[in-house]
Structures are given as structure tokens and as C-alpha cells.
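Below is one structure, written out as C-alpha cells, with a few remarks after it.
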Amino acid sequence: MFYDTSYGGTTSQGLHMDPDEPMNQVLDPQSNADVTRGSMLQDLADNLGYYVEIDFLIGTQNIVTRGGILYAVGNNYVTLYQDLEDRYVVCDLYSIKFVTFYNTRSTPRGRGTINAPTGNAGSRSM
């Protein structure tokens with residue numbers, strides 16, 4: 001499991017979105033870290049502490065979007081911290097379809113917590 005140990009700190013590096021795995025680690029991984037390199041799991045883990053919006057496919061047609069600070073990443077889940085509500089939301093990794101990364105460590109202006117739809121798939125409450 002990956003945890004953000006610098007939450008709330010400042011950084012000048014920005015998001016980490018570069019693939020950096022050597023070809024020998026892709027073809028012959030020697031550890032669990034080698035296996036996750038270059039995966040969505042690794043991209044999420046590399047960007048702990050940043051604000052993200054994640055689109056989840058629920059069922060066969062419903063897209064639900066959740067936003068928050070990326071707090072933790074496990075083998076099959078991610079945890080978002082929703083700072084406006086001061087709560088944590090644990091999300092299933094396998095239903096993630098899209099992740100939007102923001103280059104900020106707080107909720108961007110004009111972006112509130114995105115709630116589950118209440119009858120209209122894909123609707124957002126801001």
C-alpha cells in the first residue's frame with residue numbers, strides 16, 4: 001500500500017507522469033515494484049497528494065465521478081480525501097475508467113466534491 005507522507009506540503013516537481021521503467025524490468029520483473037511500474041496503479045501511487053477526478057463504471061452504463069485528494073493506493077482500491085467535507089472515500093480500482101490529474105494539492109477553485117448521480121447518470125453536484 002502506498003501512503004502520501006507529504007500531504008499538505010509544497011512541491012515544485014509537479015505531477016509524475018513519465019514512464020521510467022527500463023525494458024529489462026518490463027520483460028523480466030524481479031519484484032512487485034517492477035510489476036506495477038508503468039501501470040495505472042503506479043501512476044496513481046506516484047501522484048499521491050494531488051487532486052484527481054476519477055470516473056467509475058458502475059454496472060454497464062452508469063458513470064459516477066468522484067473527486068478528491070489522492071490519499072492512498074492499494075492493490076485493488078484507492079482512497080480519496082474530500083477536503084471540503086473532511087471525509088475519506090475508498091474506491092474500487094477495477095471499476096476505474098478515467099482519471100483526471102490536477103497539478104494541485106488542494107481542491108481547485110470551482111471544483112467541489114463530485115457526488116454520485118441521483119437519477120441522471122453523469123450529473124454533477126458542485
Side-chain angles (χ1 to χ4, degrees):
M1 182 177 343
F2 306 95
Y3 287 103
D4 180 19
T5 57
S6 63
Y7 179 73
T10 59
T11 180
S12 61
Q13 295 176 359
L15 293 170
H16 305 281
M17 303 302 292
D18 300 333
D20 60 349
E21 66 277 359
M23 188 54 82
N24 65 332
Q25 289 178 347
V26 173
L27 298 174
D28 187 25
Q30 300 296 311
S31 68
N32 286 341
D34 289 347
V35 172
T36 61
R37 238 179 230 112
S39 67
M40 180 186 287
L41 183 66
Q42 187 64 50
D43 282 341
L44 290 166
D46 286 345
N47 291 290
L48 290 172
Y50 286 94
Y51 183 84
V52 296
E53 289 178 357
I54 302 176
D55 295 321
F56 298 90
L57 179 62
I58 308 300
T60 59
Q61 294 183 338
N62 295 325
I63 297 288
V64 175
T65 303
R66 296 281 191 215
I69 307 297
L70 191 55
Y71 179 76
V73 176
N75 286 333
N76 59 0
Y77 70 92
V78 297
T79 302
L80 300 176
Y81 174 65
Q82 296 175 333
D83 57 345
L84 299 178
E85 288 82 15
D86 193 29
R87 66 181 176 193
Y88 297 87
V89 178
V90 179
C91 311
D92 176 34
L93 184 71
Y94 300 114
S95 61
I96 293 176
K97 295 302 167 197
F98 302 100
V99 179
T100 303
F101 293 89
Y102 290 78
N103 198 15
T104 181
R105 290 185 173 267
S106 61
T107 301
R109 187 177 200 168
R111 309 298 300 177
T113 300
I114 299 170
N115 297 314
T118 58
N120 183 7
S123 66
R124 295 180 176 194
S125 298
M126 300 282 178

Measuring only between side-chain heavy atoms, which start at C-beta, is Leu93 closer than 4.5 Å to Leu44? yes
Student check: side-chain heavy atoms of Val52 and Thr100 closer than 4.5 Å: no
Quick one: which of Tyr51, Tyr88, Tyr102 gives a side-chain contact (heavy atoms from CB on, under 4.5 Å) with Ile69? Tyr51
Exactly one of Leu80, Ile96, Thr79 clears side-chain contact (heavy atoms from CB on, under 4.5 Å) with Cys91, and that residue is Leu80
Minimal heavy-atom distance between Tyr94 and Asn76, with the atoms involved, is CE1-CB, 3.3 Å
Return yes when atom CZ of Phe98 has more than 12 non-hydrogen atoms of other residues, nucleotides or ligands closer than 6.0 Å, and no otherwise. no
Partners meeting side-chain contact (heavy atoms from CB on, under 4.5 Å) with Ile58 (sequence neighbours left out): Phe56, Asn62, Val64
In Å, rounded to the nearest 0.5 Å, how long is the span from CG of Asp55 to NZ of Lys97? 11.0 Å
Interatomic spacing from CG in Leu48 to CG in Leu70 - rounded to 0.5 Å: 5.0 Å
In one Ile/Leu/Val/Met/Phe/Trp/Tyr side-chain cluster, 4.5 Å: Ile63, Val89: no
With sequence neighbours excluded, what pairs up with Asp86 under the side-chain hydrogen bond (donor to acceptor under 3.5 Å, both in side chains) test? Tyr81
